[in-house]
Peer 1: 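Sharing a structure below in structure tokens format, with a few things to ask.
Residues: numbered from 1 along the sequence shown. Counting starts at 1 for both ligands and their atoms, following the listed order.
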Amino acid sequence: MNSDKLKSISEINEKIEKGDVQVFTASEIKKMSKVSVEDVDVVTTGTCGIMSGTSAIFHFKISEPGAFRKVKEIYLNGVPGFPGPCPNENLGSVDLIVYGTSKSIYDHNYGGGFLFKDIIEGKNIQIEAKTVEGRKIETEINIEDMETSKMLGTRMAFQNYSAFLNSKKGIKKTIFSVTGLRGPFKELSFSGCGELNPLQNDPEMYVINVGSKALLNGSEAIILGLGTRSSKKPNLMIMAEMKDMESYYIGGFKTGSGPEIFNTIAIPIPILNKKILNNVLIKNSKIPLPILDVNDRREIGKITYADVWNGVDKRPKYKKDKCLKCKECKIEKICPTDAFKPKEGIDFKKCFGCSVCAHHCKAIEMKTGVVEFNSAKIPVTCRQSDIKRAEKLSLELKKRIENGEFYL
Ligand code: SF4
Ligand code: SF4
């Protein structure tokens, strides 16, 4: 913690209790021309993006006690889980861990991300289990029937991510794109919410630390510490109850290498001194975005988050009158979140703002930006982060703090 402390967290909590706390979202604070530590108590930051290090831990009953010794294999809507570590011997129930990146054995487009969204929406989930005795158990389960349903992110909310180009001829299938990255240097994909990102606003982790509170997909969460691979790219390990999550903030995202998962996180930054305040004033133009070659992850250039986020549209517009009513709608097939149907248009509850549709059909319009690389202008064709969801959850956190529903 920084020594030139002007305020303490308990003082801010007292203000929350009295209802006179000054809270601003990260987007709001960047637009303020003059601001001092006295004017602001908390800044709510946020991020939304593909987070492969997402898992869920469940415990639920699948049979009567004594019906089997323990479970050997288990599938939820076809998505494999890992039974254990507790064997639950003869209890008729199972502990299991499911990865957000696991694929269904029945549908290669359905994976953990889609499954978790379905669970949070309260849909019935098909369970198939095999016991050590060789018995097959089939049942249905709902989140209300689950005794435990917790999300554990082992690598979440990267401080800064990367942009990707393909230096080679042809199309490279990758998790960093939906339809594959065309090369050499034909299109760019990127991830990261830039100036909204929590760790970008507290880069030295003065206030975001072990035990700090956050919102994960709308559910109150605890930061367990640094996530895996943090020595290369700082990120967080976070845990929260799935029962309290809102399904809008989480979901599956189909990529060129199979289904992935996205999450939304908001973290409050208490403004205790000038140093912390100066950190939250950082803008996209000062945040580097390295460009990597998707073939070997070698850095081949550098831009900033201003190049990809400033002056672009957050969501596409569908011009129905321009639709050619193709025999098979390409957009319906490639939309990574299943948000598009030519008759109904875009379902904005599902749309991620990835921009892929706008680059494959003239009936869809969206300004997504162009970046300069080796004097060439390269279109941004895939965004794997969503600033709209990040802003929405940051605003939700601000309201909860102002209403005395969230303490630091
Ligand atoms: S939305 Fe585009 S791809 Fe789909 S049917 Fe219309 S014109 Fe064809
Ligand atoms: S921007 Fe287009 S392709 Fe991307 S999620 Fe939205 S509708 Fe689907």
Side-chain angles (χ1 to χ4, degrees), residues 47-52 100 107 109-118 121 161 163-164 171 173-182 186-194 217 246-264 308-370 379-393:
T47 188
C48 171
I50 308 296
M51 298 185 195
S52 308
D107 174 0
N109 277 323
Y110 187 86
F114 291 96
L115 169 73
F116 297 166
K117 191 180 188 81
D118 285 343
E121 280 178 351
Y161 212 72
F164 290 91
I171 297 175
K173 282 192 168 189
T174 165
I175 55 165
F176 301 112
S177 165
V178 173
T179 50
L181 273 181
R182 284 174 302 125
K186 293 269 177 13
E187 56 180 323
L188 180 134
S189 74
F190 79 94
S191 305
C193 285
N217 303 324
E246 289 171 54
S247 66
Y248 171 72
Y249 292 114
I250 179 176
F253 187 99
K254 293 179 257 175
T255 75
S257 285
E260 272 283 340
I261 176 166
F262 72 84
N263 294 290
T264 315
V308 291
W309 278 132
N310 290 9
V312 299
D313 294 331
K314 292 177 196 166
R315 289 290 182 266
K317 285 189 195 86
Y318 175 44
K319 304 280 175 185
K320 211 171 178 177
D321 53 321
K322 289 192 185 164
C323 175
L324 304 171
K325 301 186 178 60
C326 314
K327 209 169 156 202
E328 195 182 53
C329 175
K330 193 174 180 188
I331 305 309
E332 186 172 7
K333 208 168 161 205
I334 62 173
C335 173
T337 60
D338 296 331
F340 187 81
K341 299 243 177 319
K343 274 194 191 145
E344 288 105 31
I346 301 164
D347 178 349
F348 286 105
K349 282 195 197 122
K350 288 185 178 172
C351 177
F352 189 78
C354 71
S355 87
V356 172
C357 51
H359 297 279
H360 285 87
C361 170
K362 292 217 162 32
I364 298 173
E365 292 174 4
M366 189 177 190
K367 224 195 293 168
T368 61
V370 166
V380 179
T381 59
C382 181
R383 311 197 290 215
Q384 293 195 314
S385 291
D386 178 13
I387 51 170
K388 202 172 173 78
R389 279 184 173 81
E391 283 171 344
K392 190 171 156 61
L393 195 59

Peer 1: Around atom 2 (Fe) of ligand 2, find the nearest protein heavy atom and jot down its residue, atom name and distance.
Peer 2: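 Here the nearest protein heavy atom works out to Cys357 SG, 2.3 Å.
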Peer 1: Once you restrict to heavy atoms under 4.0 Å, what part of Ser355 touches ligand 2? Side chain, backbone, both or neither.
Peer 2: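 For Ser355, the contact with ligand 2 is made by the backbone alone.
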Peer 1: Taking only heavy atoms of Thr337, which atoms of ligand 2 are found under 4.0 Å from at least one of them?
Peer 2: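 Heavy-atom distances to Thr337 below 4.0 Å select 5 (S).
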Peer 1: With heavy-atom distances below 4.0 Å as the criterion, list the atoms of ligand 1 near Phe340.
Peer 2: 1 (S)
Peer 1: Is atom 8 (Fe) of ligand 2 less than 2.8 Å from at least one N/O/S atom of Cys335?
Peer 2: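 For Cys335, the answer is yes, given that an N, O or S atom comes within less than 2.8 Å of atom 8 (Fe) of ligand 2.
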Peer 1: Please identify which atoms of ligand 2 are closer than 4.0 Å to at least one heavy atom of Pro336.
Peer 2: 3 (S)
Peer 1: Show your reasoning for whether ring-ring contact (aromatic ring centres under 6.0 Å, His included) applies to Phe253 and Phe114.
Peer 2: CA-CA 8 Å; Phe253 187 99; Phe114 291 96; 9.0 Å; no
Peer 1: Hey, is Arg315 close enough to Asp386 for a salt bridge, meaning N to O under 4.0 Å?
Peer 2: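 Salt bridge: yes.
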Peer 1: What distance do Ile50 atom CD1 and Arg383 atom CZ have between them, rounded to the nearest 0.5 Å?
Peer 2: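 Output value for this atom pair is 13.0 Å.
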Peer 1: Does the side chain to side chain donor-acceptor pair (under 3.5 Å) test come out yes or no for His359 and Thr368, once each step is laid out?
Peer 2: CA-CA 9 Å; His359 297 279; Thr368 61; 3.1 Å; yes
Peer 1: Under 4.0 Å from ligand 2, counting heavy atoms only, is it the side chain of Pro316, its backbone, both or neither?
Peer 2: side chain
Peer 1: Measure from the ring center of Tyr318 to the ring center of Phe340 and say whether it is less than 6.0 Å.
Peer 2: yes
Peer 1: For the side-chain hydrogen bond (donor to acceptor under 3.5 Å, both in side chains) test, which of Lys333, Lys254, Lys350 pairs with Asp338?
Peer 2: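 Exactly one option meets the side-chain hydrogen bond (donor to acceptor under 3.5 Å, both in side chains) with Asp338, and it is Lys254.
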Peer 1: Only heavy atoms of Gly353, strictly under 4.0 Å: list the atoms of ligand 2 that pass.
Peer 2: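 Atoms satisfying the 4.0 Å criterion: 1 (S), 6 (Fe).
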Peer 1: Please could you name the atoms of ligand 2 that Phe352 approaches to less than 4.0 Å, counting only its heavy atoms?
Peer 2: 5 (S), 6 (Fe)
Peer 1: Please report which non-hydrogen protein atom sits nearest to atom 4 (Fe) of ligand 2, along with the residue it belongs to and the distance in Å to one decimal place.
Peer 2: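 Residue, atom and distance for the closest contact: Cys354 SG, 2.4 Å.
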Peer 1: In this structure, is the centre-to-centre distance between the rings of Phe190 and Tyr161 below 6.0 Å?
Peer 2: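 Aromatic pair excluded; centres sit 6.0 Å or further apart.
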Peer 1: Going by atom types alone, do Asp118 and Tyr110 pair a side-chain donor with an acceptor below 3.5 Å?
Peer 2: yes
Peer 1: Which residue and atom name correspond to the protein heavy atom nearest atom 6 (Fe) of ligand 2, and how close is it?
Peer 2: Cys351 SG, 2.3 Å
Peer 1: Protein N/O/S atoms under 2.8 Å of atom 8 (Fe) of ligand 1?
Peer 2: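 Listed by chain and number, the nearby protein N, O or S atoms are Cys326 SG.
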Peer 1: Just by distance, with hydrogens left out, do Glu260 and Thr255 show a side-chain donor and acceptor under 3.5 Å apart?
Peer 2: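 Glu260 vs Thr255: no donor-acceptor pair found between side chains.
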Peer 1: Does a side-chain N-to-carboxylate-O contact under 4.0 Å join Glu187 and Arg182?
Peer 2: yes
Peer 1: Step through the shown structure and confirm whether more than 12 heavy atoms of other residues, nucleotides or ligands are within 6.0 Å of NZ on Lys117.
Peer 2: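 For Lys117, atom NZ is crowded (more than 12 foreign heavy atoms under 6.0 Å).
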